[in-house]
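I have placed the structure first, in the form of structure tokens, so that the comments after it can refer back to it.
These numbers were taken from a predicted model, which means no experiment stands behind them. Residue numbers begin at 1 in each chain, while the letters A, B, ... track the order of the sequences.
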Amino acid sequence: MHEPQLTMVSLSFKTIPLKKTNELAAFTLVVNKNFRLSSTKKVPEHDYIMTALSKPATMTLPYDWNGEMGGNNEKVESCLGEKHLLNIFLKELRQIDPDIILGHDLLDFGLEYILQRMKVHSVNGWSRLGRIKRKDMPRMAAQIGLARAGHDACNGRLVADTKTSAMELVKMRDYNLTSLCEEQIPEQLSGLKPHFLYACKNRKEYLPEHIVEAFGSSNTLRMLLQENINDCFRNMLISSNIQSLPLAVQITNICGNILSRTLSRGRAERNAYLLLHAFHKKDHLPPPPYKKKTVEDGDKKGPKFAGGMVLEPKKGLYTNYILLLDFNSLYPSIIQEYNICFTTTAMQAPPDLPKTMEEGILPFEIKKLVNRRKEVKKLIKNEKNADELARLNIRQLGLKLTANSMYGCLGFTASRFCAQPLAALVTAKGREILEATKVFVEKMNLEVVYGDTDSIMINSNSTNISEVMKLGNLVKKEVNKHYRLLEIDIDGAYKSMLLLKKKKYAAIDQNGKEEFKGLDIVRRDWSEIARNEGRTILKLLLHEQDEEEGVRKIHEHLEMIGTEAGKQRI
DNA sequence: CCCGGGAGCGC
DNA sequence: AGGCGCTCCCGGG
């Protein structure tokens with residue numbers, strides 16, 4: 001299908017404290033008129049940059065400010081005040097007429113903030129933010145972060161928010177722009193100058209007082225504006241690195257929902273669209289919305305049904321190989337294996353397996369997603385072209401994410417297709433399967449040391465990796481005999497492992513890769529030194545095959561730390 | 001001392 | 001604006 005060329009603008013702005021609020025002080029628009037949503041290109045392109053600056057109410061511009069950025073950057077448009085700046089912003093937007101607005105934290109903050117400032121100044125043309133001429137501003141919530149008026153005002157344009165997208169697609173501690181730059185901008189990218197990439201990756205946070213200070217001289221003001229320009233490029237780099245736009249296109253294509261919603265709203269709505277299409281296609285009425293049994297059921301917080309099973313860990317240090325097996329896509333597979341669906345299963349507690357032989361709509365849809373993914377994976381195997389490969393990978397990911405999110409939405413109270421009895425049935429079968437697998441493996445005279453929801457860890461009592469893999473394949477073959485399409489697979493083998501508690505362990509796998517799960521050292525509520533030292537000690541223990549020697553080395557290291565701390569070197 | 005509840009993880 | 005399970009830690013009684 002021919003894909004249209006779109007106009008994208010990357011937006012970044014700076015504000016200055018003013019009484020109890022902030023006023024808009026400067027903005028930059030980086031414009032790309034040849035943007036394609038599905039493009040997997042990593043190097044951002046742009047046609048031109050536009051920056052505008054206002055004289056804040058409480059400050060003066062530097063006496064020698066000449067509106068020049070120096071170098072080959074464009075001239076800065078200087079405005080008399082915030083209202084003037086806002087009008088220039090709207091004028092530019094009108095000329096550019098972007099299809100896509102890209103930025104960081106636009107959805108929960110940025111757009112709402114700009115709209116708020118326009119309201120303060122009664123800016124007439126505010127509806128130019130979007131593509132519909134409107135008289136009344138959408139009503140804003142008292143609190144920014146809860147409202148959607150800013151986004152609403154941008155009707156007709158896609159809003160791509162690097163914060164929102166990153167929160168969905170990558171696991172990070174913080175999603176502020178500085179952290180995103182650090183973690184989501186690559187070290188190197190052919191086609192980009194290393195020093196520019198380095199500058200983008202290493203963002204300096206401008207606190208409000210720094211912005212105020214920057215207005216003190218032309219040089220510092222230029223630096224501030226340059227950073228604002230760089231923020232635009234940073235968001236372009238982050239966006240193309242996490243591939244949020246091509247993925248959103250794929251997900252929208254898979255679910256048949258609305259693209260702007262894929263970029264802004266939760267997963268439940270996407271799944272609802274997919275299911276509504278499916279029910280319609282089969283000429284079947286969608287199920288009535290799920291009703292809670294009692295009022296208290298709806299109000300009480302906490303779990304509404306039982307989840308996965310966690311096996312009691314056999315705690316200790318293991319220096320033989322621990323075999324790691326897990327079921328592929330356990331919950332989507334259970335839905336298919338047992339034909340669990342709105343159309344086949346009674347909405348009751350305790351839930352009961354369906355008796356009908358007719359395939360339900362939900363398992364049918366999941367099967368389609370899984371099969372389509374298999375097809376794409378086949379294509380990936382034979383594909384040589386890098387661009388096409390990237391495109392197929394995004395497609396494969398979209399299919400996987402959609403299949404895997406079905407269970408979660410069954411349990412979600414606010415979903416149109418909420419069906420907690422079905423979710424409860426899925427997890428019940430999951431617990432049953434894990435328990436049965438444990439019992440079965442133990443009957444093979446093997447020791448199960450741990451397992452969580454869909455995984456099982458087996459003590460191989462061996463230090464020979466090929467023996468271990470052979471054993472793994474045997475277990476896999478035997479377990480899989482019990483199921484029609486449910487499948488367990490070898491996930492790896494831990495060369496050594498320290499198993500402390502449920503969901504807390506450290507290990508080194510057959511390739512030397514370290515895994516730390518749930519321990520204090522992975523938690524952000526512990527100090528950096530505690531995390532680092534904990535890590536060092538675990539590494540000493542896990543890499544040293546002889547336990548006594550490991551313990552001796554740890555004592556030695558702790559002595560050293562104590563001494564250094566005493567000397568106040570740490 | 002026992003609780004209930006939140007963080008912040010794991011899956 | 002997917003789910004629950006499990007430490008931990010804290011404060012109230």
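Both A:A306 and A:A414 sit near DNA chain C, but only A:A414 has its closest nucleotide nearer the 5' end. Two residues, A:G308 and A:M406, neighbour DNA chain C, and the one matched to the more 5' nucleotide by heavy-atom proximity is A:M406.
Side-chain atoms of A:T162 and A:N235 include a donor-acceptor pair closer than 3.5 Å. A donor and an acceptor atom, one from each side chain of A:D452 and A:S455, are nowhere located under 3.5 Å apart. When only modelled atom types and interatomic distance are considered, A:T402 and A:N271 share no side-chain donor-acceptor pair under 3.5 Å.
Annotation: salt bridge (charged side-chain N to carboxylate O under 4.0 Å, His left out) contacts involving residues 243-266 of chain A, sequence neighbours excluded, comprise A:R261-A:E269. Residue pairs meeting the ring pair (Phe, Tyr, Trp, His ring centres under 6.0 Å) criterion with at least one member in residues 391-419 of chain A, sequence neighbours excluded: A:F279-A:F417, A:Y331-A:Y407, A:F342-A:F417.
The interatomic distance linking A:L425 (CG) with C:dC4 (P) rounds to 16 Å, in whole Å. Whole-Å rounding puts the A:L422 CG to C:dG3 P distance at 16 Å. Rounded to an integer number of Å, the gap from A:N271 CG to C:dA1 C1' is 12 Å. Rounded to whole Å, atom C1' of C:dG2 lies 7 Å from atom CZ of A:R267. The distance between atom CD of A:E269 and atom C1' of C:dA1, rounded to the nearest whole Å, is 9 Å. Taking atom CD1 of A:I521 as the reference point, atom C1' of C:dC8 lies 16 Å away to the nearest angstrom. For the pair A:Y290 OH and C:dG3 P, the interatomic distance rounds to 14 Å; values are reported in whole Å. Regarding A:Q420, its CD atom lies at a distance of 7 Å from the P atom of C:dC4, rounded to whole Å.
Looking only at side-chain heavy atoms (C-beta outward), A:E515 and A:I508 stay at 4.5 Å or farther from each other.
Taking 4.0 Å as the cut-off between side-chain N and carboxylate O, A:K476 and A:D489 count as a salt-bridged pair.
Here A:Y175 and A:H104 keep their ring centres 6.0 angstrom or further from each other.
Checked against C:dA1, C:dC6, C:dG2, the side chain of A:R148 finds its nearest nucleotide in C:dA1. Here the nucleotide nearest the side chain of A:Y407, chosen from C:dG2, C:dC4, C:dC6, is C:dC4.
The aromatic rings of A:F13 and A:Y113 lie parallel to each other, with less than 30° between the two planes, well short of the 60° mark.
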*asked:* Please determine whether side-chain contact (heavy atoms from CB on, under 4.5 Å) holds for the pair A:T345 and A:L353, giving the CA-CA distance in whole Å, both sets of side-chain angles, and the decisive distance to 0.1 Å.
replied: CA-CA 7 Å; A:T345 313; A:L353 278 183; over 6 Å; no
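Remark: nothing in residues 483-497 of chain A comes within less than 4.0 Å of DNA chain B through any heavy atom. Proximity of residues 242-264 of chain A to DNA chain B (heavy atom under 4.0 angstrom from any strand atom) is not detected for any residue.
Residue contacts for A:Y331: at a heavy-atom cut-off of 4.0 Å it reaches no nucleic acid atom on any strand shown. Using a 4.0 Å heavy-atom criterion, one finds that A:G411 contacts the sugar-phosphate atoms exclusively.
A:H543 is linked by a ring pair (Phe, Tyr, Trp, His ring centres under 6.0 Å) to nothing, counting only residues two or more places apart in sequence or in another chain.
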_Counting primed atoms plus P, OP1 and OP2 as sugar-phosphate and everything else as base, spell out the protein contacts along nucleotides 4-11 of chain B at 4.0 Å heavy-atom distance: B, S or - for each nucleotide, 5' to 3'._
-SSBBSBS
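Here the closest heavy-atom approach between residue A:S333 and residue A:L486 is recorded as CB-CD1, 3.2 Å.
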